[in-house]
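As the structure is a prediction and not an experimental result, all values here were calculated from the model.
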Amino acid sequence: MRIAALALFYVALWVSATSVLGKRYMRCELARKLLEQHSFERSLLSNWICLLEHESELDTSKISSSPNGSRYGLFQINSRYCQDGRRGGVCNVKCQDLVEENIRDAAACAKRIQAEEGFRHWNGWQRYCRNTQNLPNLKVICGI
């Protein structure tokens with residue numbers, strides 16, 4: 001009982017610490033960042049923004065659970081792509097690094113997932129973004 005309470009305390013402490021380090025983006029701010037700093041393809045940018053709005057609400061600190069494992073950060077990357085406490089998983093990254101304001105590791109991992117599996121990997125994209133009519137027109141909205 002005491003160990004379980006201590007474990008819950010540390011999980012709560014870790015989650016609150018990562019929440020402080022996270023950031024919630026505005027749509028156009030994030031679109032520019034993905035394009036200019038992380039070399040996302042312009043032709044896919046509307047798909048990415050739609051996906052991120054529905055998966056994480058543009059919040060880098062979001063952590064959620066699913067029957068297939070936890071999902072981390074802005075891109076809601078499944079725990080099989082990362083490892084708790086040290087680099088590992090398919091993307092060779094710490095899960096904790098996926099919930100930070102610095103999205104370098106998360107962006108690289110998400111691009112790898114998309115290249116291997118396509119956007120269908122993300123339920124949010126399948127449900128809300130598959131139909132191109134639902135994608136944001138970033139040229140009009142953001143001037144991109």
Side-chain angles (χ1 to χ4, degrees), residues 4 6-144:
L6 189 59
L8 282 174
F9 170 76
Y10 282 115
V11 167
L13 185 63
W14 179 78
V15 168
S16 68
T18 59
S19 296
V20 171
L21 300 174
K23 175 178 173 85
R24 182 154 185 187
Y25 283 94
M26 300 298 291
R27 175 190 272 176
C28 295
E29 171 192 21
L30 182 57
R32 283 187 185 88
K33 184 177 190 77
L34 294 177
L35 186 63
E36 297 166 6
Q37 295 177 18
H38 299 285
S39 303
F40 278 62
E41 290 182 44
R42 185 180 302 271
S43 63
L44 299 177
L45 202 53
S46 290
N47 281 278
W48 283 111
I49 294 300
C50 182
L51 178 154
L52 297 173
E53 287 176 338
H54 290 95
E55 288 285 336
S56 67
E57 299 172 333
L58 308 181
D59 185 354
T60 65
S61 65
K62 184 170 182 180
I63 300 172
S64 45
S65 297
S66 72
N68 298 329
S70 297
R71 297 180 302 146
Y72 295 91
L74 185 65
F75 296 92
Q76 288 294 280
I77 294 173
N78 187 285
S79 55
R80 76 173 180 256
Y81 292 92
C82 61
Q83 188 161 339
D84 283 326
R86 63 184 174 95
R87 296 182 76 80
V90 174
C91 287
N92 193 32
V93 66
K94 288 193 297 187
C95 295
Q96 294 80 0
D97 291 344
L98 300 175
V99 295
E100 294 180 352
E101 184 175 341
N102 180 340
I103 65 168
R104 186 191 69 225
D105 289 337
C109 186
K111 285 170 43 175
R112 179 179 179 168
I113 294 167
Q114 193 277 329
E116 293 175 4
E117 300 181 40
F119 288 111
R120 69 182 177 279
H121 170 80
W122 288 275
N123 290 332
W125 183 86
Q126 286 192 55
R127 187 169 185 182
Y128 299 103
C129 310
R130 175 179 273 182
N131 183 342
T132 56
Q133 292 177 334
N134 294 337
L135 298 178
N137 185 337
L138 298 175
K139 186 173 187 175
V140 171
I141 299 166
C142 306
I144 296 176

**Pair Met26-Leu58, side chain to side chain contact (heavy atoms under 4.5 Å, CB included): steps then yes or no** = CA-CA 7 Å; Met26 300 298 291; Leu58 308 181; 6.0 Å; no

Which atom of [X] lies closest to which atom of [Y], heavy atoms considered:
X	Y	value
Lys23	Thr60	N-OG1, 2.7 Å
His121	Gln126	N-NE2, 4.4 Å
Ala106	Ile77	O-CD1, 3.5 Å
Cys129	Asn47	O-OD1, 4.3 Å
Tyr25	Leu30	CB-CB, 3.8 Å
Asp97	Glu100	OD1-OE2, 3.5 Å

**Request:** Please name all residues satisfying side-chain hydrogen bond (donor to acceptor under 3.5 Å, both in side chains) with Glu116, sequence neighbours left out, ordered by chain then number.
**Result:**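 Arg112.
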
**Item:** Those residues that, when tested against Glu41, pass side-chain hydrogen bond (donor to acceptor under 3.5 Å, both in side chains) (two or more places apart)
**Value:**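 side-chain hydrogen bond (donor to acceptor under 3.5 Å, both in side chains) list for Glu41, sorted by chain: empty.
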
**Prompt:** Between Gln96 and Asp84, is there a donor-acceptor pair closer than 3.5 Å when you use the side chain of the first and the backbone of the second?
**Reply:**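 No, because the side chain of Gln96 does not come within donor-acceptor range (under 3.5 Å) of the backbone of Asp84.
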
Spatial distance of atom [atom1] ([X]) from atom [atom2] ([Y]) [nearest 0.5 Å]:
X	Y	atom1	atom2	result
Lys111	Ser39	NZ	OG	5.0 Å
Lys33	Leu74	NZ	CG	10.0 Å
Asn131	Cys50	CG	SG	9.5 Å
Arg24	Glu29	CZ	CD	12.0 Å
His54	Trp125	NE2	CH2	13.0 Å

**Asked** For the Cys pair Cys82 and Cys91, is the SG-SG distance shorter than 2.5 Å?
**Response**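 Looking at Cys91 and Cys82, their sulfur gamma atoms do not lie closer than 2.5 Å, so the answer is no.
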
**Request:** If the plane angle is over 60° it's perpendicular, under 30° parallel, otherwise tilted; pick one for Trp48 and Trp122.
**Result:**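 Trp48 and Trp122: perpendicular rings.
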
**Prompt:** What orientation do Phe75 and Phe40 show, parallel under 30°, tilted 30 to 60°, or perpendicular over 60°?
**Reply:**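 Ring orientation of Phe75 relative to Phe40: parallel.
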
**Prompt:** Any side-chain heavy atom of Arg27 within less than 4.5 Å of one from Leu138?
**Reply:**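 Yes; the side chains approach each other to less than 4.5 Å.
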
**Prompt:** Is any side-chain heavy atom of Leu34 closer than 4.5 Å to a side-chain heavy atom of Ile49?
**Reply:**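 A side-chain contact exists here, since the closest heavy-atom pair is under 4.5 Å.
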
**Message:** Looking at Arg87, I want to see if its CZ is surrounded by more than 12 non-hydrogen atoms of other residues, nucleotides or ligands under 6.0 Å.
**Reply:**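 Counting neighbours around CZ of Arg87, more than 12 heavy atoms of other residues, nucleotides or ligands fall under 6.0 Å, so yes.
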
**Request:** Start with the C-alpha gap between Cys28 and Ile141, add the side-chain angles, then the distance that decides, and say whether side chain to side chain contact (heavy atoms under 4.5 Å, CB included) holds.
**Result:** CA-CA 8 Å; Cys28 295; Ile141 299 166; 3.9 Å; yes

**Prompt:** How far apart are the C-alpha atoms of Lys62 and Glu57, what are their side-chain angles, what is the distance that settles it, and do they pass the salt bridge (Lys or Arg N to Asp or Glu O under 4.0 Å) test?
**Reply:** CA-CA 8 Å; Lys62 184 170 182 180; Glu57 299 172 333; 5.1 Å; no

